[in-house]
Amino acid sequence: MNRITWNQLKLPIKEISLDIILPSGQSFRWKKHGDEWVSVLNELIVILRQEDDHILYRSIPSQARATLTTPIDVESVLQDYFNASIKLSKLYREFGARDKYFKTIAPLFSGIRILRQDPWETLCSFICSTNNSIKRITQMIDSICLTFGTYVATYDGVAYYTFPRPEDLCASGSVVQKLRELGFGYRAPYVYKTALQVHEWQLLGHELAELRGSSYEKVREFLMELPGVGPKVADCVCLMAFDCHSSVPIDTHMWNIVQRRYAKDAKIRPSKSKTLSKSTYDDISSHLRGLWGDYAGWAQSVLFISELRKNA
DNA sequence: GTCAACCCTACCAC
DNA sequence: AGTGGTAGGGTTG
């Protein structure tokens, strides 16, 4: 029945741990079926399987579109998506040399890499992430795709859809109401207004992806203009979609770690405040950027996940 | 002494 | 598990 053959991903197994990366709050689009991870990338279903010493993948093209005429090099798509050119083991060594705490944590969480995700999908997803849990965000993203996305194909009894483009969410004001019905709450107008702005920008001939060449500061500034995007969301999107590897998002988990382990070095005054001020946020973020270096965001994600697992 | 121009914390709705 | 907005206090020049 299924004659699609498996291919072997050209990325050393030590460099990647699917079970840690895929469900830990970077992407909210991967579903696990048995020992397979399934998602939609570039309008086609991608299936991943982690074996003992390598990762296998295969893909299913969109049934809704005639993509057969333009074959997609899935290996390239995955190399790009996993930032495969970045050598994780080297980064871990460097982080460990710079930071004693990282050195103690890292061995327990190997293969954590930053994904290079679609800018719009990432932006939209992280606007939805505020004051929210991975489980619920995943649910929301699932329903926004089902409601506003395009059908791709069905695999293992599950229908897969693309992530809606900005214009798909600009149809009318009823989008906000629909999003509220889907459980987006106060995030509904943020998503809608941001879609409107991004679409307008696209009509001017721009694409979010073109910002990938810009500096971290430029991208961050641009993103923070958008409704529902503050420092934390901007930093997540910078890191996970715009190649700003030095961006260090400080969420509540990182804030806990900083207070516990880095407060003295980061010169954090012992405030009892539960919330981060903008300036304290920037102080912490740049301190960690100085500590970990150009790929600080990659170190952040290791500690973030260690904290996530601890509380789970 | 007073007054913008901040910047911070707290607080709450979304 | 954040953002946007407000109020109230502190600091600076």
Side-chain angles (χ1 to χ4, degrees), chain A residues 23-29 117 119-144 169 173-198 219-242 244 247-263 266-288 297 300-312:
Chain A
S24 295
Q26 278 197 61
S27 169
F28 304 95
R29 296 257 279 150
Q117 300 181 260
W120 166 246
E121 177 175 332
T122 308
L123 171 58
C124 204
S125 298
F126 279 92
I127 286 174
C128 300
S129 76
T130 66
N131 205 343
N132 211 342
S133 66
I134 292 173
K135 188 179 172 190
R136 186 148 94 94
I137 301 163
T138 304
Q139 209 171 286
M140 285 159 61
I141 298 304
D142 217 35
S143 37
I144 202 175
L169 299 170
S174 72
V175 170
V176 174
Q177 189 191 331
K178 190 67 196 171
L179 288 174
R180 284 194 186 278
E181 289 167 15
L182 296 176
F184 280 61
Y186 64 86
R187 305 164 195 85
Y190 290 158
V191 168
Y192 174 66
K193 288 179 194 167
T194 296
L196 232 42
Q197 287 193 34
V198 171
V219 178
R220 192 175 196 262
E221 200 179 334
F222 176 91
L223 293 173
M224 284 182 63
E225 294 290 315
L226 300 165
V229 181
K232 191 271 179 182
V233 169
D235 279 338
C236 285
V237 182
C238 278
L239 176 64
M240 300 172 193
F242 286 102
C244 301
S247 167
V248 181
I250 309 296
D251 73 330
T252 180
H253 296 298
M254 282 307 295
W255 177 222
N256 288 336
I257 294 174
V258 167
Q259 291 181 97
R260 248 191 0 253
R261 303 283 175 174
Y262 298 99
K267 291 167 186 146
I268 304 306
R269 34 193 181 287
S271 70
K272 336 101 217 195
S273 176
K274 190 60 196 161
T275 51
L276 272 177
S277 71
K278 213 145 186 158
S279 67
T280 305
Y281 181 101
D282 289 341
D283 287 349
I284 294 170
S285 189
S286 50
H287 175 261
L288 294 177
Q300 177 273 347
S301 84
V302 175
L303 296 195
F304 169 81
I305 284 176
S306 75
E307 188 73 6
L308 203 61
R309 292 295 164 104
K310 198 174 69 181
N311 297 331

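Bear in mind that the values here come from a model prediction, so they are computed numbers and not experimental data.
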Side chain to side chain, Lys232(A) and Ser129(A), heavy atoms closer than 4.5 Å: yes
Distance, rounded to the nearest Å, where Asn256(A) contributes CG and dG2(C) contributes C1': 14 Å
Interatomic distance where CD1 belongs to Ile137(A) and C1' belongs to dG2(C) [whole Å]: 11 Å
Under-4.0 Å side-chain N/O to phosphate OP1/OP2 contact, Thr130(A) with dT3(C): no
Distance in angstrom units between Lys232(A) NZ and dT3(C) P, rounded: 7 Å
Touch class at under 4.0 angstrom, heavy-atom based, for Pro189(A) against every strand present: nothing
Pairwise side-chain contact, Tyr262(A) with Ile284(A), heavy-atom cut-off 4.5 Å (strictly under): no
Watson-Crick or G-U stems involving DNA chain B, each at least 3 pairs long, distances under 3.5 Å, ordered by first number: B:6-14 with C:2-10
Salt-bridge contact Glu307(A)-Arg260(A) (side-chain N to carboxylate O under 4.0 Å): yes
Protein-nucleotide distance (Arg180(A), atom CZ; dA13(B), atom P), rounded to Å: 15 Å
Closest nucleotide among dG2(C), dT9(B), dT3(C) to the Ser277(A) side chain: dT9(B)
Distance in angstrom units between Leu123(A) CG and dG2(C) P, rounded: 16 Å
Pair of N/O donor and acceptor under 3.5 Å linking dG2(C) base with Tyr190(A) side chain: no
Side chain Thr280(A), main chain Leu276(A), donor-acceptor under 3.5 Å: no
Whole angstrom value for the distance that separates P of dG2(C) from CG of Asp235(A): 12 Å
Any Leu226(A) side-chain heavy atom under 4.5 Å of Ile127(A) side chain: no
Between dC14(B) (P) and Asn132(A) (CG): distance, integer Å: 17 Å
Asp235(A) side chain reached by Arg220(A) side chain, heavy atoms, under 4.5 Å: yes
Atom pair distance, as rounded to whole Å: NZ in Lys193(A) and P in dT3(C): 16 Å
Check: Arg136(A) side chain, Ser133(A) main-chain N or O, donor-acceptor pair, under 3.5 Å: no
Sugar-phosphate, base or nothing in reach of Gly185(A), heavy atoms under 4.0 Å: nothing
